[in-house]
Amino acid sequence: MSFWKRIIGGGGGSPRGKAGARAYAVGDIHGRLDLLDEVLARIEDDAAHRRARKTWAIFLGDLIDRGPDSAGVIERLRTWRPEHIRPVFLAGNHEEVFLTILGGDPKFLANWLKFGGAECAASYGVDPDLLRRVDEDEAVAMLRARVPRRHREFLEGFADTFAFGDYLFVHAGIRPGIAIEEQDRTDLRWIRDPFLRDTQDHGCVVVHGHTISKAVDERTNRIGIDTGAYKSGILTALAVEGERRWFLATGTTPARELHRG
Ligand SMILES: [Mn+2]
């Protein structure tokens, strides 16, 4: 049932996922192939132990940078073909920057190297110190030569949003007060405060990554699941089916303790 139907009906019901389906959403991976392997195994195991449903796994973006193995993460997800689970990939701000550089534009290069790009470059066998020393165009050419075309094409195919019943999955968030179809792509990938501080109902529950919280940041109008995997070791996945939702995470932290408060 849509948000408006519920309001008009005066029901005050909980948000629901798409009828007859299940979704798993995975937060910012940032080059942690070790944690990705673990969370994929947990998702596949969880799905195998529940009723067969049409099932999606939505990756909220920022697969790359910061952690040690961006190239490995991309290759793992590019070739991930679980039975009965359809992967959906959303682009984060880190994919945007990486693709801009790989497209031949060096304007973000220096900042990218500072914000986790050095580790990404190293995962492709490109020495980040060398990238800093040579001129920008040469640095871009070195990266373009080492990042496989199939990786670039994979990243270029990422979506901006994924709607699932009363839920909307995005990388960073939405600009409050603007219809989903009219959202600016930059907001979807980069927004923080105007979205994070907003308490109004958006007409959907927004599930997002991008901004790190110590525990799952579960509010009435949004759920943040970026638990800072690259430094915390905790990569979180949210599962939604009907009115139910539950969390899977790497490490030994019980899902319950991932909740704030
Ligand atoms: Mn991000």
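First listed ligand is number 1; within each ligand, the first listed atom is number 1.
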With a 4.5 Å limit on heavy-atom distance, are the side chains of W112 and D65 in contact?
->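 Heavy-atom side-chain distance check passes, below 4.5 Å.
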Between F162, Y167, Y24, which is the residue that forms a ring-ring contact (aromatic ring centres under 6.0 Å, His included) with W56?
->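 So, applying the ring-ring contact (aromatic ring centres under 6.0 Å, His included) to W56 and each of F162, Y167, Y24, only F162 qualifies.
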Given ring pair (Phe, Tyr, Trp, His ring centres under 6.0 Å), test F195 with H208 step by step and report yes or no.
-> CA-CA 11 Å; F195 165 67; H208 64 95; 5.0 Å; yes
Have a look at H210 and say which of its N, O or S atoms is nearest the Mn ion (ligand 1).
->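 Result: ND1.
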Taking 2.8 Å as the cut-off, does an N/O/S atom of H171 lie below it from the Mn ion (ligand 1)?
->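 Yes, within the cut-off.
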What about the rings of F59 and W80, do their centers lie closer together than 6.0 Å?
->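 Yes.
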Opening angle at the Mn ion (ligand 1) [OD1, N93; OD2, D62; to 10 degrees] =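 Once rounded, the angle between the two atoms at the Mn ion (ligand 1) is 100°.
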